[in-house]
*Asks:* 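Sharing a structure, written as structure tokens. Questions coming.
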Amino acid sequence: MTGFTMTIDGQSVEAPGTFDVINPATGDVADQAPDAAREQLDQAMAAAAAAFPAWRADEQARRKALQAAADLLFAKSEEIGRILTLEQGKPLADATMEVVGAGVWIKYFADLELPREVIQDDDAAFVEVIRRPMGVVAAITPWNYPLLLAIWKLAPALLAGNTMVLKPSPFTPLSSLKLGEVLRDVLPPGVFNVVTGGDDLGAWMTGHETPRKISFTGSVATGKRVAAAAAPDLKRVTLELGGNDPAILLDDADPAAVADKLFGAAFMNNGQVCSAIKRVYVPESLYGDVVDALAAKANAARVGNGLEEGVQLGPINNRPQYERVSELVADAIAKGARAAAGGKAIDGPGYFFEPTILADVSDGARIVDEEQFGPALPIVRYSDLDEALARANGTHFGLSGSVWSADAERAGEVASRLECGTAWVNTHLALAPHQPFGGFKWSGVGVENGPWGLYGFTEIQVLHRSKL
Ligand code: NAD
């Protein structure tokens with residue numbers, strides 16, 4: 001019997017069945033998670049709806065509860081981090097930092113103003129624009145940053161006065177179950193519910209009559225299904241979807257100086273980051289040096305079980321993703337790409353893959369055109385900057401991108417021509433609670449973080465008091 005239970009109406013709840021959660025570093029079963037029955041989802045939704053009136057009524061209580069929630073995460077960061085490493089694979093230090101980061105995010109929102117703007121105050125009327133909560137939010141998360149991405153939803157949604165039902169990915173449910181358990185001490189029953197199950201549980205949530213808002217992070221394909229499921233009921237949606245982020249080096253970039261940052265932003269979390277660098281465009285004159293510098297970093301990276309000291313990159317999280325990365329790399333090599341580093345899976349148990357730098361590869365190869373979401377980075381040559389920009393933009397994705405140069409002014413001009421939600425100069429993956437994050441085109445609808453993320457969990461209400 002699993003030690004992990006769901007949280008429904010503030011109670012610890014088991015399900016009629018369980019499913020296995022695999023430790024990607026060993027391929028063994030790490031633990032079991034409850035497989036929620038449909039009636040249990042109904043109960044979670046009903047609990048969230050019942051908790052809404054009291055929760056929305058007391059802003060100070062909400063801020064206090066969020067502060068307490070953040071403090072709990074700081075205090076338990078190692079304990080929850082260990083669970084995260086077991087189910088997700090990332091090194092323990094990174095997992096612990098994810099929990100600490102979640103606490104930092106909650107603290108930011110706990111202090112964020114809920115604006116009440118006076119837009120008219122004259123002899124005729126006193127008119128305010130107020131942000132009202134929506135009701136129950138259905139939150140659905142992926143497996144790469146299960147805890148942090150849940151908090152990106154929880155903190156603003158709860159601050160605004162909504163209540164929530166969270167469903168994590170079936171690959172990484174344990175840390176979210178633990179989150180529900182920990183927060184039972186500081187949140188009133190029903191305000192935050194956690195249910196676990198397979199993909200069908202997600203579909204039940206998006207089709208459920210109770211939630212007024214769906215906040216979803218995951219793949220483009222599922223995001224489209226979520227949007228379609230929300231449409232008949234006109235549920236509000238925020239969709240944070242996939243990316244195929246380009247990094248463009250200008251001809252004055254210094255390969256030795258940028259290689260460290262490029263490698264870090266491509267291989268963070270073993271490349272399983274929505275806005276990681278997924279393809280690098282390099283001018284002909286710098287091409288060999290950039291490939292060599294990145295290959296040296298890849299060859300030096302220590303890959304292993306995230307529980308071992310000094311490991312930098314863990315396994316790929318799950319078998320389907322491991323097979324997908326293997327397939328995209330093999331396809332590129334079969335079509336003439338050169339593995340300057342890595343190029344294949346690592347023998348033995350677990351879903352380990354060599355950190356891979358692919359040279360002599362270009363647009364048209366699947367690994368350049370599609371989102372690989374793993375530890376393999378294609379380096380593409382260009383001879384004309386406008387053409388490189390056109391190739392960088394010539395995709396359905398539009399999450400983020402970066403431009404690298406000794407001349408930040410010039411790089412800024414180029415970056416402003418990228419068609420994506422975040423355009424970085426001489427950095428990539430610089431994310432912060434106050435900075436809105438979202439995608440153009442198929443990479444998403446709406447944003448998370450900052451006041452703009454908070455507004456996504458509210459409806460605008462005009463309160464018009466006539467003086468006539
Ligand atoms: P996924 O779309 O397969 O699954 C995401 C979640 O949706 C899971 O909880 C899953 O159980 C659930 N789900 C599956 N089918 C559903 C349905 N029909 N209705 C409702 N929910 C359903 O994505 P994944 O493989 O877990 O995550 C990887 C993807 O997430 C990548 O494409 C990555 O780029 C993207 N991602 C985006 C961001 C961002 O902020 N933009 C952040 C992290 C990951």
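First listed ligand is number 1; within each ligand, the first listed atom is number 1. The figures that follow rest on heavy atoms only: side chains count, while hydrogens, waters and symmetry mates do not.
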*Asks:* Does even one non-hydrogen atom of Phe437 get within less than 4.0 Å of ligand 1?
*Replies:* yes
*Asks:* Any nitrogen or oxygen of Asp199, side chain or backbone, less than 3.5 Å from one on ligand 1?
*Replies:* yes
*Asks:* Side chains of Trp424 and Thr422: any donor to acceptor distance under 3.5 Å?
*Replies:* no
*Asks:* For Asp20 and Gln32, test the side chains for any donor-to-acceptor distance below 3.5 angstrom and give the result as yes or no.
*Replies:* yes
*Asks:* Closer than 4.0 Å to some heavy atom of Pro170 - which atoms of ligand 1 meet that?
*Replies:* 11 (O)
*Asks:* Give me the residue, atom name and distance of the protein heavy atom closest to atom 34 (O) of ligand 1.
*Replies:* Glu371 OE2, 2.6 Å
*Asks:* Out of all atoms in ligand 1, which are within 4.0 Å of some heavy atom of Cys274? Include the element for each.
*Replies:* 34 (O), 36 (N), 37 (C), 38 (C), 39 (C), 40 (O), 41 (N), 42 (C), 43 (C), 44 (C)
*Asks:* Among Asp245, Thr217, Thr222, which one has a heavy atom closest to atom 5 (C) of ligand 1?
*Replies:* Thr217
*Asks:* Looking only at protein heavy atoms, which one is nearest to atom 23 (O) of ligand 1, and what is the separation?
*Replies:* Ser219 N, 3.3 Å
*Asks:* Taking only non-hydrogen atoms of Ala203, do any sit less than 4.0 angstrom from ligand 1?
*Replies:* yes
*Asks:* Got the closest protein heavy atom to atom 33 (C) of ligand 1, with its distance?
*Replies:* Phe373 CE1, 3.3 Å
*Asks:* Using a 4.0 Å cut-off to any heavy atom of Pro142, which atoms of ligand 1 qualify?
*Replies:* 24 (P), 26 (O), 27 (O), 43 (C), 44 (C)
*Asks:* Show the atoms of ligand 1 that are less than 4.0 angstrom away from any heavy atom in Pro168.
*Replies:* 9 (O)
*Asks:* Checking Thr238 against Thr217 for the side chain to side chain contact (heavy atoms under 4.5 Å, CB included) test, could you report, in this order, the C-alpha distance in whole Å, the side-chain angles of both residues, the deciding distance, and whether it holds?
*Replies:* CA-CA 8 Å; Thr238 298; Thr217 303; over 6 Å; no
*Asks:* Any atoms of ligand 1 less than 4.0 Å from a non-hydrogen atom of Thr141? List them with their elements.
*Replies:* 6 (C), 8 (C), 9 (O)
*Asks:* Looking at ligand 1, is there an atom of it that comes within less than 4.0 Å of some heavy atom belonging to Gly444?
*Replies:* no
*Asks:* Identify the protein heavy atom lying closest to atom 7 (O) of ligand 1, giving its residue, its atom name and the separation to 0.1 Å.
*Replies:* Phe216 CE1, 3.2 Å
*Asks:* Taking N or O atoms only and a 3.5 Å limit, does Leu241 qualify as a polar contact for ligand 1?
*Replies:* yes
*Asks:* May I ask you to decide whether Arg63 forms a salt bridge with Asp111, counting only side-chain N to carboxylate O separations under 4.0 Å?
*Replies:* no
*Asks:* Identify whether the distance between the nearest side-chain nitrogen and carboxylate oxygen of Arg131 and Glu459 falls below 4.0 Å.
*Replies:* no
*Asks:* Is the NZ or CZ atom of Lys167 both under 6.0 Å from the centre of the six-membered ring of Trp204 and within 45° of that ring's axis?
*Replies:* no
*Asks:* Can we say Arg302 and Glu308 salt-bridge, meaning some charged N sits less than 4.0 Å from an Asp/Glu carboxylate O?
*Replies:* yes
*Asks:* Give me the residue, atom name and distance of the protein heavy atom closest to atom 40 (O) of ligand 1.
*Replies:* Glu240 CB, 3.2 Å
*Asks:* Distance to the ring centre below 6.0 angstrom and angle to the axis at most 45 degrees; does that hold for Arg381 and Tyr281?
*Replies:* no
*Asks:* Taking 4.0 Å as the limit for heavy-atom contacts, which would you say applies to Tyr145 with ligand 1: side chain only, backbone only, both, or neither?
*Replies:* neither
*Asks:* I'd like to know if Arg366 pairs up with Asp331 as an ion pair, taking the criterion as any Lys NZ or Arg NE/NH1/NH2 lying under 4.0 Å from an Asp or Glu carboxylate oxygen.
*Replies:* no
*Asks:* How would you list, by chain and number, every residue that makes a side chain to side chain donor-acceptor pair (under 3.5 Å) with Tyr145, sequence neighbours excluded?
*Replies:* none
*Asks:* For atom 12 (C) of ligand 1, what's the nearest protein heavy atom and its distance?
*Replies:* Ile140 CG2, 3.7 Å
*Asks:* Listing request: all side-chain hydrogen bond (donor to acceptor under 3.5 Å, both in side chains) pairs with a residue in residues 89-101, at least two apart in sequence or in separate chains.
*Replies:* Lys90-Glu98, Lys90-Asn269
*Asks:* Could you tell me, atom by atom, which parts of ligand 1 come under 4.0 Å of a heavy atom of Gly202?
*Replies:* 19 (N), 20 (C), 21 (N)
*Asks:* Think Lys213 forms a cation-pi with Phe457, using NZ or CZ under 6.0 Å from the six-ring centre and within 45 degrees of its axis?
*Replies:* yes
*Asks:* Quick check against the 3.5 Å criterion: does Arg279 have a side-chain atom that pairs as donor or acceptor with the backbone of Val380?
*Replies:* no
*Asks:* Measure the distances from the heavy atoms of Phe171 to every atom of ligand 1 and state whether one is below 4.0 angstrom.
*Replies:* no
*Asks:* Show me which atoms of ligand 1 lie under 4.0 Å from any heavy atom of Trp143.
*Replies:* 24 (P), 25 (O), 26 (O), 27 (O)
*Asks:* My understanding is that we take every heavy atom of each candidate and find the minimum distance to atom 35 (C) of ligand 1. Doing that for Ala230, Gly218, Ser169, which one comes out nearest?
*Replies:* Gly218
*Asks:* Tell me if the CD atom of Glu79 is crowded by more than 12 foreign heavy atoms within 6.0 Å.
*Replies:* yes
*Asks:* Using a 4.0 Å cut-off to any heavy atom of Asn144, which atoms of ligand 1 qualify?
*Replies:* 43 (C), 44 (C)
